[in-house]
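Have a look at this one.
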Amino acid sequence: MSSWHRIIVMMVLCLFGICAGMSQRPTNKQATPVKKTQATQNRTSKTQGKPQTVQSKPGTAQNKSRQTAKPAAKYDDNRVYLLHSDNLHYDKYRNPDAQILDGNVAFRHQGATLYCDSAHFYEKSNSFEAFNNVKMYQGDTLSLFSDYAFYDGNEMMCMARYNVVLKNRNSTLYTDSLNYDRLYSVGYFFEGGKLVDDGSTLTSDWGEYNTETKQAVFNYSVKLKGPDYVITSDTLHYDTETSTAHVLGPSDIHSGTSHIYTENGYYDTKNKKSQLYQRSVIKDQGRIIVGDSVYHDELNGTSEAFNNVVYRDTVNKNMLTSDYCFYNEQTGYGMATKRAVAIDYSQKDSLYMHADTFKIYTFNINTDSVYRKLHAYNKVRAYRTDVQAVCDSLVFNSQDSCLTMYRDPIVWNFSQQLLGEVIKVYMRDSTIDRAHVIGQALSVEQMPDSVHFNQISSKEMKAFFLNGEVHEANAIDNVLIVYYPVDESDGALIGLNYTETNEMKMYLENRKMKKIWMPKAEGTLYPMSQIPPAKKYLPNYAWFDYIRPLNKEDIFNWRGKKAGTELKEIKRREAPLQKLDTTGSTPKPSAVSGESSTLSVQEQDTPPAGPSDGTMPSPVLGTAAQPDGNSNAASDDVKSSEQQPS
């Protein structure tokens, strides 16, 4: 009986061993979680742990892309197929769940084919590990190379490690750790990567690339380098099809001589165009443009800025602020409007000037004879602590450094007021050299008592400056003067000096009159108690203190002249012009207009007709050819008429 019992026990043990061996064979039942072998864990420990446990940045990376991207179409059969392997065996002690494959291994899964030297195939979990010379091809546009990869067929995720290269048409991505999501066609790298596209190289610490949309997102230490530009940023979105970069966060763009700083902007690397937002800055050879929105075209040399625009020229020490600004570097044309203010800070005190519109024109650009013209028009107001000005429009020409003010210009300097039809100011080394007032010139100085005013009126006035102060002033033609002499002992007014002359020259020193020169004058000195009311003010006297800008903020408040105080329009004689008489009648001189007699068209084009016998006509001599006794009288009449004033 003991021998039978021994035999039965042996048979039971053999059957149990056979059943146990059969239970270890792979089946097509539902997949179970993958258990990593010790060798796989050692290999993947060189990266951020296991490939399956790598997580994306919340909100901006893998999770966000999977939520927004369109998933690829799935095949009916989701199984991973083993196409070929030179050797296949099992190791039930070290990795009992895997089929161990060696030599020319090939897999296929939903349109993608993967090759490697060796692999561990987990048929239950529909996944495999690939080792050495890993190559994955999807169609004829996408290829992935690495030293190691783990592929999950259920999630359609390929986790590639070590010397990873992802190629998609003209774009190539290099990294050491890449998770490629085939379902959403997005690859993620998290240990540094480099994207090369048509001569541009993009590097960062972390990023993703969509092979369908050709969109790339890069974060942390981002650098995009091209043939002639470099972009550094914290976050950059790059479209490989349009070669357009979208930077977020503090970013710098260097291209040629220009430097762009922005925290939100788009840059077209092919066409060199920029769209910048959030107070972006453009610097180029001493010129700086800042605005809420800035558009820059490097090839055409144009810049356009909107809202809170500041243009600064650090070389010439001036700046321009407005809500809209445009400038073309190639033509030298610029324009600013909407609360535009020009500021010159080259002197001790800054000059602020406001106008509805500023325009600048450049002539002979890129030559040694280059010069510019600045136009400011409609409601021009300027303020500096020592000088203020108001006019309708002005032009500054850098060729002769002349500033011309048009239409009711007024200039104030402390207690002095100067006005005329046109005022020209000539500069030298950014300081005033001379001034010229043309037409209805009037100079008014308010006395310290704020009641009496020194006044000079003439057709023209000229002033010459030395070190920024007037040292000579000339009044020309029809000069009228109201002047209050001051007693130097007590500062009291002596009286009123009323003078009429044809010309006057004043010489000053330290803002005090040194001497006066007049060729011929008629004047009267009235004591203070005997001043006639009609002599206190000149006929064209006006004091426009209510128009004067009070500070740099007041330049925006336009205040026009009161009715009846505007300059009178004076009609001047025009030079006589020759006219053609088309009626054929004998022209007659016009005594009213002063026009000279002219020949008709017929008389000019038709030669004189001779007698019928063919003889030449005898010349007719006029008074000019044969002077008689009356010729002298005629010439005297002409001379007398020429001497009469117009």
Rounded to the nearest 0.5 Å, how far apart are CG of L403 and CD1 of I432?
->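 Nearest 0.5 Å value for the CG-CD1 distance: 9.0 Å.
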Is there a side-chain contact between T244 and Y267 (heavy atoms, below 4.5 Å)?
->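 T244 does not reach Y267 side chain to side chain.
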Please confirm whether the backbone N or O of N300 pairs with a side-chain atom of D297, one donor and one acceptor, at under 3.5 Å?
-> yes
Apply the ring-ring contact (aromatic ring centres under 6.0 Å, His included) test between F218 and each candidate in Y188, F189, Y238, F190; give the one that qualifies.
->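 Among Y188, F189, Y238, F190, the one meeting ring-ring contact (aromatic ring centres under 6.0 Å, His included) with F218 is F189.
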How far apart are the C-alpha atoms of Y90 and I100, what are their side-chain angles, what is the distance that settles it, and do they pass the side chain to side chain contact (heavy atoms under 4.5 Å, CB included) test?
-> CA-CA 6 Å; Y90 296 90; I100 302 175; over 6 Å; no
For L236 and K223, run side chain to side chain contact (heavy atoms under 4.5 Å, CB included): C-alpha distance rounded to whole Å, both residues' side-chain angles, the deciding distance at 0.1 Å, then the answer.
-> CA-CA 9 Å; L236 186 145; K223 185 175 183 180; over 6 Å; no
Do E553 and Y352 have side-chain atoms, one donor and one acceptor, less than 3.5 Å apart?
->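 There is no such pair between these side chains.
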Atom pair OH (Y383) and CD1 (I343), whose distance is rounded to the nearest 0.5 Å |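 Taking OH in Y383 and CD1 in I343, the distance rounds to 13.5 Å.
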Is there a donor-acceptor pair under 3.5 Å between the side chain of H354 and the backbone N or O of A340?
->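 Side chain of H354 to backbone of A340: a pair is present.
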Consider only side-chain N and O atoms of E298 and S255, and report whether a donor and an acceptor are under 3.5 Å apart.
-> yes
Does the side chain of H246 come under 3.5 Å of the side chain of D239 through a donor N or O and an acceptor N or O?
->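 H246 vs D239: no donor-acceptor pair found between side chains.
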How long is the span from the OG atom in S303 to the OH atom in Y311, to the nearest 0.5 Å?
->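 Rounded to the nearest 0.5 Å, the OG-OH separation comes to 9.5 Å.
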Decide whether N307 and D323 meet the rule of one side-chain donor and one side-chain acceptor closer than 3.5 Å.
->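 The answer is no; no qualifying pair exists.
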Angle class for the Y266/Y277 ring planes (parallel below 30°, perpendicular above 60°, tilted otherwise)?
->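 Ring orientation, 0 to 90° scale: perpendicular.
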State, with a plain yes or no, whether a side-chain heavy atom of N179 is found less than 4.5 Å away from one of R161.
-> yes
Smallest separation among heavy atoms of V294 and V290, with atom names = CG2-C, 4.5 Å
Verify side chain to side chain contact (heavy atoms under 4.5 Å, CB included) between L276 and I260, making sure each step is shown before the conclusion.
-> CA-CA 9 Å; L276 313 173; I260 299 175; 3.2 Å; yes
Distance-only donor-acceptor check, side chains D344 and S346, under 3.5 Å =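 Result is yes, a qualifying pair exists.
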Exercise: do N78 and H109 side chains pair donor with acceptor under 3.5 Å = yes
Begin with the C-alpha distance, continue with both residues' side-chain angles, and end with the deciding distance and a verdict on side-chain hydrogen bond (donor to acceptor under 3.5 Å, both in side chains) for Y151 and R182.
-> CA-CA 10 Å; Y151 187 84; R182 292 189 58 224; 2.7 Å; yes
For the student: nearest non-hydrogen atoms of Y122 and F128, plus distance =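 Between these two residues, the closest heavy atoms are CD1-CA, 4.1 Å.
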Distance-only side-chain donor-acceptor flag, D197 / T240, under 3.5 Å = no
So is K273 actually on top of Y295's ring, under 6.0 Å and inside 45° of the axis?
->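 Cation-pi check for K273 and Y295: fails.
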Check each of F121, Y115, Y148 against F131 using the ring-ring contact (aromatic ring centres under 6.0 Å, His included) test, and report the only one that passes.
-> Y148
Tell me, do I289 and C325 make a side-chain contact under 4.5 Å, heavy atoms counted?
->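 With C-beta onward as the side chain, the pair stays apart.
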Taking all heavy atoms of E263 and all of Y261, pick out the closest pair and write down the distance.
->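 Answer, listing the atom of E263 first, then Y261: OE2-OH, 3.0 Å.
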Taking only Lys NZ, Arg NE, NH1 and NH2, and the carboxylate oxygens of Asp or Glu, determine whether R279 and D292 approach each other closer than 4.0 Å.
->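 Yes, this pair counts.
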Any side-chain heavy-atom pair from I288 and T314 closer than 4.5 angstrom?
->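 Result yes, sub-4.5 Å side-chain heavy-atom pair found.
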Q99 vs H120 side-chain heavy atoms within contact, under 4.5 Å =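 When only atoms from C-beta onward are counted, H120 and Q99 do not touch, as no gap falls below 4.5 Å.
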Can you find a heavy atom in the side chain of I231 that is under 4.5 Å from one in the side chain of V247?
->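 The answer is yes, as the side chains (C-beta and beyond) meet within the 4.5 Å cut-off.
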Neighbour count above 12 (heavy atom, 6.0 Å) for N551 CG | yes
Report the distance from atom CG of L195 to atom OG1 of T203, rounding to the nearest 0.5 Å.
-> 10.0 Å
Within 45° cone and under 6.0 Å: K194 NZ/CZ vs Y174 ring | yes
Determine whether the side chains of Y180 and T211 contain a donor N or O and an acceptor N or O closer than 3.5 Å.
->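 Note: Y180 and T211 side chains meet the donor-acceptor criterion.
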Does a side chain donor of either Y333 or R372 reach within less than 3.5 Å of an acceptor in the other side chain?
-> no
Decide whether N168 and Y209 meet the rule of one side-chain donor and one side-chain acceptor closer than 3.5 Å.
-> yes
With the side chain counted from C-beta on, respond yes when V370 and T362 share a heavy-atom pair under 4.5 Å apart, and no when they do not.
-> yes
Test side chain to side chain contact (heavy atoms under 4.5 Å, CB included) applied to Y327 and M335, step by step | CA-CA 6 Å; Y327 185 73; M335 191 266 283; over 6 Å; no
Please walk me through it: do K338 and D356 pass salt bridge (charged side-chain N to carboxylate O under 4.0 Å, His left out)?
-> CA-CA 7 Å; K338 297 182 179 179; D356 289 347; over 6 Å; no
Minimum side-chain heavy-atom gap F358-T337 below 4.5 Å |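 Of all side-chain heavy-atom pairs linking T337 with F358, none is under 4.5 Å.
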For the residue pair A376 and A355, what are the closest heavy atoms and their distance?
->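 Reported closest heavy-atom pair: CB-CB, 4.0 Å.
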Does the D234 side chain pair with the main chain of S251, one donor and one acceptor, at a distance under 3.5 Å?
-> no
Compute both the distance and the angle, then confirm whether R381 meets the cation-pi test with F556: under 6.0 Å from the six-membered ring centre, within 45 degrees of the axis.
->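 Output no; distance or angle outside limits.
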Heavy-atom closest pair, residues V105 and S85 =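 Shortest heavy-atom contact: CG2-OG, 3.9 Å.
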F396 side, atom CZ; D400 side, atom CG - distance, nearest 0.5 Å |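 One gets 8.0 Å once the value is rounded to the nearest 0.5 Å.
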Distance-only side-chain donor-acceptor flag, R79 / Y81, under 3.5 Å |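 R79 vs Y81: donor-acceptor pair found between side chains.
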Polar contact flag, side-chain donor to acceptor under 3.5 angstrom, T235-N219 =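 Judged by distance alone, the side chains do pair up.
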Measure the spacing between OG1 of T269 and CD1 of I253 and express it to the nearest 0.5 Å.
-> 10.5 Å
Assess the side chains of N557 and D554: does a donor N or O sit below 3.5 Å from an acceptor N or O?
->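 Distance-only check passes for N557 and D554.
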Look only at the side chain of S258 and the backbone of K283, and say whether a donor-acceptor pair between them is shorter than 3.5 Å.
-> no
Would you name the heavy atoms of L144 and V164 that are closest together and state the gap between them?
-> CD1-CG1, 3.6 Å
Using a distance-only test with no angle check, is there a side-chain donor-acceptor pair under 3.5 angstrom linking T257 and D284?
->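 Judged by distance alone, the side chains do pair up.
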